[in-house]
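The basis for the numbers below is simple: all heavy atoms, side chains too, and nothing from hydrogens, waters or symmetry mates. Residue numbers start from 1 in every chain, and the chains themselves are labelled A, B, ... in the order their sequence lines are given, proteins ahead of strands. All values reported here derive from a predicted model rather than from experimental measurement.
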2 protein chains.
Amino acid sequence: MRIGEIAALAGVTTRAVRHYHQQGLLPEPERRANGYREYGLRHAVELARIRRLTELGLGLAEVKDVLADDAGRELVEVLEELDGDLARQEAAVRERRERLAALLEQARAGELPPEGPVSPDLARLFAALGPTDSAIAAKDREHLALFDSLGGPEGSGELVAALRPLADDPEFAGRVEELYGRLDELAEAAADDPRIAPLGDELVAAMPEAVLRLIAQEDAGQSLGGGFGEAFLADFPAAQAEVVRRMLAGLAERARRAGGGGRP
Amino acid sequence: MRIGEIAALAGVTTRAVRHYHQQGLLPEPERRANGYREYGLRHAVELARIRRLTELGLGLAEVKDVLADDAGRELVEVLEELDGDLARQEAAVRERRERLAALLEQARAGELPPEGPVSPDLARLFAALGPTDSAIAAKDREHLALFDSLGGPEGSGELVAALRPLADDPEFAGRVEELYGRLDELAEAAADDPRIAPLGDELVAAMPEAVLRLIAQEDAGQSLGGGFGEAFLADFPAAQAEVVRRMLAGLAERARRAGGGGRP
DNA sequence: TAGAAACGTTGACGCTGCGACAAGGTCAAG
DNA sequence: CTTGACCTTGTCGCAGCGTCAACGTTTCTA
């Protein structure tokens, strides 16, 4: 047989056969006078065996090991390890598909936020807020999306979870819109604008209980991730940054009075 | 933020961040005087978005596309395609695991043949045959293993299926052992040895009905895969090859008489 | 009998998503 | 001053082949 025949016989490509030669999986056969490889049945047998093993998902190196020691002992080990591997893969794929399904459902409901795929909780919050043309609202949504996925897929979804009760509040959208509007007006205001203090205080008051617990846990919001806090404030113009600063301070204060604070 | 901070924040490595820069997924930020990259919150937002997308299983190129057109339309398309992809992957992995489970069961029952993983049917046949020290029996097993997996995982398991009834025959092992023994004796005999004809005929008689149907289907065994028939015979010493040839001819004859043959 | 189509040969690059070096420069702390 | 922990660019490596390229051989066909 020539290489094309044996390849077709085993159901692989000629390239694969040559690759197996290069990797030392399959011995090189004799050559004809013209340089063509001449395969016999033994090669077909070995090639078929290689294919059965690779089909199971073994890597070529593992196949080589298995072929090397003629006892079946090694094979069993490899197969068991492989099964564990595949089990993990299957779980991973399934989890991805579940998240995908949730996303596609959101998308078909027209609730897919422009920030890309976010957690279901956050998606509900965004949906409750509805579309907006406020610049700062868009920015805030981005911040929330960021927070939503800090440090890994399970990391720090707590804040969003804490905010979720808001999504069920019928007055929510209206109140938020008003607050965003007032924040927008401060876009180019000075850092000592008199509207800063009251707005900050109202934001503090608007936060649900659950958020306070988080703030208290995190040592008064000090540890918002290395350098993250500064970057957060730096992302706002002066007056708005002041509002945020006052809001954070107010939350910390409120948390201290309510829960008894982190470390004395 | 420096690169290490933003990377930790988003839960990726610095290498990944730089890679995203190179691939144009994430814009390069400003540099400090010393050449360090200086990241702001916007970058963190974008990086987190990239990570959410890659986590779903999107390739970097797809992520780039999704980020490029700011409408969510493309995202939905990509997600749907991805879901199909993952569905196929999941099915493939599950099928492999099922076969693996069957193999491991065989292995634990001590029935794992040295020819490597074969179909359950063939494994039963081998188990029924039991261990043997006959040289030709080992060769035959290899041939069967090869046949078992011709041209793909579902291809041509028919022959083995046709032989399966033998595995349930209580006399099977003994009869086969005797026939193998007589074949072994012909290892170095001449091509005109008088023992050839009767042995060939007995082999024909020993084949189950189902095999005949296969032979008839395949145009009297002529099309045993390009060049395969020759290689098959070439794998035996002269006298044994004669036996096989006579057996094949006898089977074709028997098939013609029984079923009315392929093409007139 | 010539030419095209279908084989074969070796060699080298491409793909994915980074990890892991190398060979440095920078910066804060002890 | 020296560590040690950062940062910089650049390069190779990985799995399992697919896919040219550039060329020789065989075989079918007109």
Side-chain angles (χ1 to χ4, degrees), chain A residues 1-26 28-39 43 47 50-67 78 81-82 85-86 89 92-93 96 226-227, chain B residues 1-26 28-39 43 47 50-67 78 81-82 85-86 89 92-93 96 152 225-227:
Chain A
M1 283 182 286
R2 289 174 306 173
I3 196 170
E5 300 177 301
I6 199 179
L9 189 63
V12 300
T13 64
T14 61
R15 182 64 177 86
V17 174
R18 282 192 273 255
H19 189 55
Y20 298 154
H21 288 322
Q22 281 181 23
Q23 305 304 309
L25 286 174
L26 191 63
E28 285 266 5
E30 308 278 296
R31 302 296 184 117
R32 290 188 195 173
N34 55 18
Y36 286 16
R37 295 177 177 85
E38 175 67 20
Y39 294 91
H43 299 102
L47 179 53
I50 293 174
R51 215 205 30 152
R52 280 181 303 229
L53 291 170
T54 59
E55 236 161 43
L56 284 173
L58 278 78
L60 296 193
E62 296 165 308
V63 171
K64 198 172 172 182
D65 289 350
V66 170
L67 293 184
V78 172
E81 191 188 346
L82 178 61
D85 224 48
L86 287 184
Q89 264 192 52
V93 169
R96 285 217 282 253
Chain B
M1 283 182 288
R2 288 174 305 174
I3 196 170
E5 300 177 300
I6 199 179
L9 188 63
V12 300
T13 65
T14 62
R15 182 65 177 87
V17 174
R18 282 193 273 257
H19 189 55
Y20 298 154
H21 287 323
Q22 280 181 21
Q23 304 304 309
L25 287 173
L26 191 63
E28 285 267 4
E30 309 277 293
R31 302 294 186 120
R32 289 186 195 175
N34 55 19
Y36 288 16
R37 281 172 253 254
E38 175 68 19
Y39 294 91
H43 299 103
L47 179 54
I50 292 174
R51 216 207 28 156
R52 280 179 303 219
L53 291 170
T54 59
E55 237 162 40
L56 284 174
L58 277 80
L60 296 193
E62 296 166 308
V63 171
K64 197 174 174 184
D65 289 350
V66 171
L67 294 184
V78 172
E81 192 186 348
L82 178 61
D85 223 47
L86 287 183
Q89 262 192 53
V93 169
R96 286 218 280 254

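- Protein chain B contacts DNA chain D over a range whose 5' and 3' limits, counting nucleotides with an atom under 4.0 angstrom from a non-hydrogen atom, are D:dC6 to D:dT11.
- With sequence neighbours excluded, the residues satisfying salt bridge (charged side-chain N to carboxylate O under 4.0 Å, His left out) with B:Arg37 are B:Glu28.
- Contact between A:Leu82 and A:Leu56 at its shortest, heavy atoms only, is CD2-O, 3.4 Å.
- Not counting sequence neighbours, the partners of A:Gln23 by the side chain to side chain contact (heavy atoms under 4.5 Å, CB included) test are A:His19, A:Leu25, A:Leu60.
- If you take CD of B:Glu55 and P of C:dC18, they are 11 Å apart, rounded to a whole angstrom.
- In this structure, CG of B:Leu58 is placed 12 Å from P of C:dC18, rounded to the nearest angstrom.
- Counting only distance, with no hydrogens or angles, the side chain of B:Arg51 and the backbone of B:Val12 share no donor-acceptor pair below 3.5 Å.
- Residues of residues 30-38 of chain B having a heavy atom closer than 4.0 Å to DNA chain D, listed by number: B:Arg31, B:Gly35, B:Tyr36, B:Arg37.
- Between the OH atom of B:Tyr20 and the C1' atom of C:dT16 there is a distance of 12 Å, rounded to whole Å.
- Taking atom CG of residue B:Leu26 and atom P of nucleotide C:dC18, one finds them 13 Å apart after rounding to whole Å.
- Judged by closest nucleotide on DNA chain D, B:Thr14 is the one of B:Gln22 and B:Thr14 placed further toward the 5' end.
- Remark: A:Glu30 CD is loosely packed, at most 12 non-hydrogen atoms of other residues, nucleotides or ligands lying under 6.0 Å away.
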**Message:** Please evaluate residues B:Val93 and A:Val93 with respect to the criterion side chain to side chain contact (heavy atoms under 4.5 Å, CB included), reporting the C-alpha separation (whole Å), side-chain torsions for both, the decisive distance (0.1 Å), and the verdict.
**Reply:** CA-CA 9 Å; B:Val93 169; A:Val93 169; 5.7 Å; no
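- If you find the closest nucleotide of DNA chain C to A:Tyr39 and to B:Leu60, the one lying nearer the 5' end belongs to A:Tyr39.
- What separates CD of A:Glu5 from C1' of C:dC7 is a distance of 10 Å, to the nearest Å.
- Using a 4.5 Å cut-off on side-chain heavy atoms (C-beta onward), A:Leu47 and A:Ile6 make contact.
- Considering only heavy atoms from C-beta on, B:Val17 comes within 4.5 Å of B:Tyr39 through its side chain.
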All N/O contacts under 3.5 Å from nucleotides 19-22 of chain C to the protein, with atom names and distances to one decimal?
{"unit_1": "C:dG19", "atom_1": "OP2", "unit_2": "B:Thr13", "atom_2": "OG1", "d": "2.9"}
{"unit_1": "C:dG19", "atom_1": "O6", "unit_2": "B:Arg15", "atom_2": "NH2", "d": "3.1"}
{"unit_1": "C:dA20", "atom_1": "N6", "unit_2": "B:Arg15", "atom_2": "NE", "d": "3.2"}

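- The distance between atom CE of A:Met1 and atom P of C:dG8, rounded to the nearest whole Å, is 12 Å.
- Looking at residues two or more places apart in sequence or on another chain, you find no salt bridge (charged side-chain N to carboxylate O under 4.0 Å, His left out) involving A:Asp65.
- With rounding to whole Å, B:Arg18 atom CZ is found 14 Å from C:dC18 atom P.
- Atom pair B:Lys64:NZ and C:dC18:C1' shows a separation of 17 Å (rounding to whole Å applied).
- No donor-acceptor pair under 3.5 Å is formed between the side chain of B:Glu81 and the backbone N or O of B:Val78.
- In this structure, B:Glu38 contributes its side chain and B:Arg2 its backbone to no donor-acceptor pair below 3.5 Å.
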